[in-house]
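Structure record follows, encoded as structure tokens.
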Amino acid sequence: MSNVATASSVVHGVVPIVASLGGALALLPAIGVAVGVGMFAAKVGMDGFGDAMSSMDDPEKFAQSLDKLSPAARSTALAVRDLAPAWKAVKQETQENLFAGLADDVQKLGTGYLPMLKTGLSGITAELNTAARGTAGFLAEANQVQTVSGIFGQVRTSIGNTTTVVQPLVSILLDLVAVGTTFLPSMTGGFGSAAQSAAEFVSAARESGRLGEWIAAGLSTLDQLGDVFGNLFGIVRAVYGALDTGGASLLDTLTRVTGMVRGFLESFEGQQALASLASLLGTVSGVVTGVVMTALRQLAPVVVALVPGFAQLATQLGSVLTAALIVATPLLLDLATFLSENMV
């Protein structure tokens with residue numbers, strides 16, 4: 001019972017913390033709705049613009065797409081179209097450098113690999129065909145058809161049981177979002193100034209050279225960590241290699257030892273030993289808990305009774321020490337002055 005009481009006290013202590021965190025988690029629906037609304041607004045704003053971009057090579061379709069856009073979006077689409085020749089030159093130059101000389105290599109790879117791929121892939125698909133036909137035959141059996149029908153019936157019943165849950169859940173979500181969105185302005189109000197401060201800090205660090213020093217220090221730290229892990233790996237490899245060359249393999253030895261331990265623990269004798277150990281630990285835990293709780297209960301009144309006496313004693317000692325310091329300070333000051341003048 002004492003263990004149950006201890007666990008109950010821990011739970012009672014954790015519950016307020018979890019409740020406080022739950023209040024913060026209640027903001028998540030509001031944040032999700034805010035992000036979703038922002039993305040939806042961006043999607044509405046981009047509606048039709050993608051069609052215009054994809055039809056730039058067809059003047060008639062491009063003109064039709066422009067008629068569906070707002071004046072600002074139409075101007076942007078025309079500006080993008082005017083950049084098309086320059087972008088095409090950039091794309092072709094990039095592609096030329098990316099694929100230079102690859103045609104001959106692709107032909108060589110095809111000559112060597114296509115026959116092998118034909119044989120390998122046809123064999124794989126034949127096995128897949130066997131599996132698919134076997135599965136289809138299995139599912140066509142009357143028992144399996146009846147089983148699948150029962151599954152759909154259970155799913156339908158389950159969904160029917162949850163239809164009354166949707167409205168309360170929507171109500172909860174609306175309440176959370178309505179209250180949570182009232183906190184978003186105050187939460188996001190400092191984002192701009194914080195980002196500007198961070199940008200100024202990084203810019204100043206770049207101008208002073210400290211940014212480069214930080215990056216260099218970070219890379220140096222990574223190199224040192226790499227050396228440490230390399231040394232550890234080398235130690236393990238050296239020990240493992242020495243044990244392997246000295247006789248039986250380390251893994252073989254560990255396999256035999258762990259297998260023997262497992263076999264003993266799964267045996268009747270091992271199970272008896274584990275049960276006895278568990279019983280002993282339970283008894284010891286109960287005794288220790290009982291002793292501690294008894295001591296606390298017995299000593300608590302003593303502590304409560306001693307508190308006023310110790311408080312009065314501390315007050316009296318404080319008064320005596322204060323008076324003694326007031327009397328002794330001038331004497332100590334005269335003694336220090338005398339010693340300073342006569343020790344030369």
Side-chain angles (χ1 to χ4, degrees), residues 1-29 31 168-169 172 175-176 179-180 183 187 221 224-225 228-229 231-240 242-243 246-329:
M1 293 299 293
S2 59
N3 292 334
V4 174
T6 303
S8 177
S9 63
V10 172
V11 170
H12 284 299
V14 171
V15 167
I17 299 176
V18 174
S20 299
L21 293 176
L25 293 176
L27 281 174
L28 293 180
I31 295 174
L169 290 179
I172 292 172
D175 291 338
L176 289 174
V179 177
F183 292 90
M187 291 176 58
T221 302
Q224 292 174 351
L225 289 175
V228 171
F229 285 114
N231 293 335
L232 293 175
F233 177 75
I235 292 171
V236 173
R237 183 176 59 183
V239 172
Y240 182 77
L243 291 174
S249 170
L250 175 61
L251 289 179
D252 291 339
T253 303
L254 292 176
T255 300
R256 288 196 301 271
V257 172
T258 54
M260 293 173 61
V261 173
R262 177 184 176 183
F264 172 75
L265 293 178
E266 291 179 348
S267 66
F268 178 76
E269 294 83 358
Q271 291 295 306
Q272 276 192 325
L274 290 175
S276 300
L277 178 61
S279 176
L280 175 61
L281 292 177
T283 303
V284 171
S285 174
V287 171
V288 171
T289 303
V291 171
V292 172
M293 295 303 298
T294 301
L296 291 176
R297 292 191 185 97
Q298 297 301 321
L299 292 177
V302 178
V303 173
V304 173
L306 287 176
V307 166
F310 277 110
Q312 185 177 3
L313 177 62
T315 302
Q316 294 175 355
L317 287 176
S319 302
V320 172
L321 290 175
T322 301
L325 288 173
I326 293 174
V327 174
T329 298

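Along the sequence shown, residues are numbered consecutively beginning with 1.
In this structure, CG in Leu280 is found 11.0 Å from OG in Ser285, a value given to the nearest 0.5 Å. The CD1 atom of Ile172 sits 7.5 Å away from the CG atom of Leu176 when rounded to the nearest 0.5 Å. Distance check: Glu269 CD to Leu274 CG gives 11.5 Å after rounding to the nearest 0.5 Å. For the atom pair CG of Leu321 and CD1 of Ile326, the computed distance is 11.0 Å after rounding to the nearest 0.5 Å.
Listed by first then second residue, pairs satisfying salt bridge (Lys or Arg N to Asp or Glu O under 4.0 Å) with a partner in residues 286-315 number zero, not counting sequence neighbours.
Proximity of a side-chain donor or acceptor of Thr322 to a complementary backbone N or O of Gly318 within less than 3.5 Å is detected. At distances below 3.5 Å, at least one donor-acceptor pair connects side-chain atoms of Ser276 with backbone N or O atoms of Gln272. In this structure, Ser267 contributes its side chain and Phe264 its backbone to a donor-acceptor pair below 3.5 Å.
Val179 places none of its side-chain heavy atoms less than 4.5 Å from the side chain of Asp175.
Scanning both residues, Thr258 and Leu254, for their nearest heavy atoms gives OG1-O, 2.7 Å. Across Gln271 and Glu266, no two heavy atoms sit closer than the pair NE2-CA, 4.0 Å. Taking each heavy atom of Val304 and Pro308 in turn, the nearest pair found is O-CD, 3.3 Å.
The local environment of CD in Gln316 is crowded, with over 12 non-hydrogen atoms from other residues, nucleotides or ligands closer than 6.0 Å.
For the side chain to side chain contact (heavy atoms under 4.5 Å, CB included) test, residues two or more places apart in sequence or in another chain that qualify with Val228 are Leu232.
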